[in-house]
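Structure first, then comments.
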Amino acid sequence: MINRKSEYRKISIFGSTGSIGKSAINVIQNQINNSIKFQVQTLVAQNNYKLLAKQALELKPEFVVIAEEKYYQDLKSELSTLKNCQIMSGKDAVLEVARIKCDLMISAIVGIAGMLPTYLALEAGSNIALANKEAIVCAGDFLLNIAKKNNLKIFPIDSEHNAIFQIFEQENLSQISEIILTASGGPFFNSTKNFRDITLAEALKHPKWQMGNKISIDSATMMNKGLEMIEAYYFFPISKNNIKIIVHPQSIIHGIVNYNDGASLAMMSNPDMCVPISYVLNYPNRASINHQKLDLTKIGQLEFYEVDNKKFPAINLCRNALEQEGSALVALNCANEIAVEKFLKSEIRFDEIYMIVEKTLQKIPQKKLNSIAEILDFNQQVCEVASNIKT
Ligand code: NDP
């Protein structure tokens, strides 16, 4: 368990070249007078060997892994001057370094590819700072159980869950009536454009957050918020019906906890992922980081709206899958990953993302999944079905 006095933390960053990985490195490199010092133990990326090498030269980790084997030689030559660092490549190497214990593994690979490394890190005794929501959507019970067994923590990095984590009074659990996750609404909240005609460039242009491609599309469909509802169910001991979603276009309030005495606690910050990342890196301390001060007088107005479930069917698809739990969640996530990938390659229209998810869920029967290996096998089967869905 992480303790308050710890002055020195070994951090591993899985997905270091992505949006979350870069923000995490920004926090690590730019903390001001912080009592906790960080030593980066491992950096992992998939393709971007140039940025990975730059990060490694700056942070001097013990292990650097590029998942795509064809970049091994390039990475090695970029790092020819780096001492005491093991450079590795391939999927197995990603798993190998996940098994090396650290104080905190930042789980920021995108998609279900991040699930097994996260599980292995927990098995090895590492606490987790979880950005990779697909892992908890697909394997929530398995991750929570292994964390509990090994007396480890899984901290939420996702801004909404991180917000709730900061204001959720475990000691007053019976007095919590509901939690509310806010959604920016994405680029199409106010748009009257037919979803058939939405272009890739429009869908990638998020109004508030700078994120990787997959989560940007998930935000545009609002699938992201549905996945977050499932994530919240695993993170917080609260019934499914008491997890609510509201649209808040300014993205200043990230989460709200309503208590039975009429109090509603809300956590606010500018939309900047460095804020939740700093919180989990330093937990239970708080640190000083470079940030833009929140000035509500400049923002002026905070708005809140109901989600339009007709326009954005994703949340109901997620609610239905959450009702069933287990394999339905794996199928939901997998179908969405396949559909988003196809949309990113311009193989399908924007509205067809929902169709692929819905039709896949109709085709795939529920199945009891007893291990992480069974989840991965099942995911493979769903991938085949989802890839062949005709819209
Ligand atoms: P990005 O696409 O920006 O980054 C993904 C990272 O994972 C990259 O470093 C990528 O390497 C690496 N990667 C991808 N696949 C593999 C693989 N098979 N093996 C090893 N490394 C891999 O994504 P984001 O940072 O935006 O998101 C990461 C996760 O965090 C997602 O699950 C997302 O939902 C979640 N999240 C993101 C937020 C954000 O603000 N971005 C907010 C909240 C949650 P390479 O660059 O070389 O391809």
Side-chain angles (χ1 to χ4, degrees), residues 12-27 42-56 63-72 74-75 88-98 105-118 120-121 128-138 155-163 181 183-184 186 204 206 208-221 223-228 230-232 235 251 254-255 269-277 280 333 336-337 340-341 344 376:
S12 292
I13 310 176
F14 283 62
S16 67
T17 52
S19 160
I20 290 289
K22 285 188 279 188
S23 294
I25 291 173
N26 181 7
V27 170
T42 304
L43 292 174
V44 175
Q46 186 173 35
N47 295 304
N48 192 347
Y49 72 89
K50 283 210 162 170
L51 179 56
L52 182 63
K54 181 175 175 288
Q55 293 174 337
F63 305 95
V64 181
V65 179
I66 188 88
E68 191 55 71
E69 292 188 16
K70 67 181 177 203
Y71 297 121
Y72 176 69
D74 294 314
L75 179 66
M88 300 151 88
S89 71
K91 285 182 188 166
D92 288 347
V94 175
L95 303 182
E96 197 178 325
V97 288
M105 181 241 223
I106 300 181
S107 169
I109 289 177
V110 59
I112 196 169
M115 180 185 73
L116 184 55
T118 306
L120 293 175
I128 304 289
L130 189 84
N132 176 221
K133 63 191 82 184
E134 296 89 348
I136 200 160
V137 165
C138 293
F155 299 99
I157 282 187
D158 224 335
S159 57
E160 298 75 5
H161 306 74
N162 186 276
L181 309 176
S184 68
L204 284 172
H206 196 278
K208 288 285 166 197
W209 299 94
Q210 290 279 321
M211 307 181 288
N213 285 351
K214 197 258 176 184
I215 185 174
S216 296
I217 301 303
D218 284 347
S219 298
T221 58
M223 184 60 81
N224 183 49
K225 214 45 59 177
L227 296 176
E228 287 180 3
I230 299 164
E231 186 183 4
F235 264 122
S251 297
H254 305 293
S269 73
N270 284 314
D272 175 357
M273 286 310 295
C274 290
V275 178
I277 291 170
V280 299
N333 180 70
N336 183 55
E337 285 195 28
V340 171
E341 203 179 301
L344 286 169
L376 288 169

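Atoms within a ligand are numbered from 1 in the order they appear, just like the ligands themselves. All heavy atoms count here, side chains included; hydrogens, waters and symmetry mates do not. Count residues from 1 along the sequence.
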- Sub-3.5 Å N/O-N/O distance, Gln210 and ligand 1: no

- Would you mind checking which non-hydrogen protein atom is closest to atom 3 (O) of ligand 1, with the distance to 0.1 Å? Ser19 N, 2.9 Å

- Task: Do me a favour and list the nearest non-hydrogen protein atom to atom 25 (O) of ligand 1 with residue, atom name and distance?
- Result: Ile20 N, 2.9 Å

- Rounded to the nearest 0.5 Å, what's the gap from CD on Glu96 to CZ on Phe63? Could you check? 8.5 Å

- Item | Heteroatom proximity flag, Ser159 to ligand 1, N/O under 3.5 Å | no

- Message: Taking 4.0 angstrom as the limit and counting only heavy atoms of Ser16, give me the atoms of ligand 1 inside it, by number and element.
- Response: 9 (O)

- Query: Looking at atom 28 (C) of ligand 1, what's its closest protein heavy atom, distance included?
  - Reply: Ala108 O, 3.4 Å

- Message: Nearest 0.5 Å, please: how far is CD1 in Ile217 from CG in Leu344?
- Response: 5.0 Å

- Item | Ser184 side chain near His206 side chain, heavy-atom distance below 4.5 Å | yes

- Can an N or O of Gly18 be found at a distance shorter than 3.5 Å from an N or O of ligand 1? yes

- Among all protein non-hydrogen atoms, which one is nearest to atom 29 (C) of ligand 1, and what is the separation to 0.1 Å? Ile109 O, 3.8 Å

- Considering heavy atoms of the protein only, find what lies nearest to atom 34 (O) of ligand 1 and give residue, atom and distance to 0.1 Å. Lys133 CE, 3.2 Å

- Working to the nearest 0.5 Å, report the span between CG of Asp218 and CD of Glu134. 7.0 Å

- Message: Could you measure the distance from the CG atom of Leu51 to the OG atom of Ser16? Nearest 0.5 Å is fine.
- Response: 6.5 Å

- A student checking ligand 1 against Ala113 at a 4.0 Å heavy-atom cut-off should list atoms 18 (N)

- Task: Decide whether the shortest distance between a heavy atom of Glu134 and an atom of ligand 1 is less than 4.0 Å.
- Result: yes

- Find the distance between CD1 (Ile20) and CD1 (Ile277) and round it off to the nearest 0.5 Å. 4.5 Å

- Taking atom 13 (N) of ligand 1 as the reference point, the nearest protein heavy atom with its distance: Gln46 CB, 3.7 Å

- Item | Proximal ligand 1 atoms for Asn47, defined as those under 4.0 Å from one of its heavy atoms | 45 (P), 47 (O), 48 (O)

- Rounded to the nearest 0.5 Å, what's the gap from CD1 on Ile215 to CG on Asn224? Could you check? 4.5 Å

- Task: Among all protein heavy atoms, pick the one closest to atom 26 (O) of ligand 1 and tell me residue, atom and distance.
- Result: Gly212 N, 2.9 Å

- Message: salt bridge (charged side-chain N to carboxylate O under 4.0 Å, His left out) for Lys214 and Glu341? Distances and angles first, verdict last.
- Response: CA-CA 8 Å; Lys214 197 258 176 184; Glu341 203 179 301; over 6 Å; no

- For Ile215 and ligand 1, does the shortest N/O to N/O distance drop below 3.5 Å? no

- Task: For the pair Glu160 and Lys225, find out whether any cationic side-chain nitrogen is under 4.0 Å from an anionic carboxylate oxygen.
- Result: yes

- Atoms of ligand 1 less than 4.0 Å from Ala67 heavy atoms? 19 (N), 20 (C)

- Verify side chain to side chain contact (heavy atoms under 4.5 Å, CB included) between Ile66 and Leu52, making sure each step is shown before the conclusion. CA-CA 8 Å; Ile66 188 88; Leu52 182 63; 3.9 Å; yes

- Run the side chain to side chain contact (heavy atoms under 4.5 Å, CB included) check on Met273 and Ser159 step by step: do they pass? CA-CA 7 Å; Met273 286 310 295; Ser159 57; 4.1 Å; yes

- Nearest neighbour in protein (non-hydrogen) for atom 10 (C) of ligand 1: Thr17 OG1, 4.0 Å

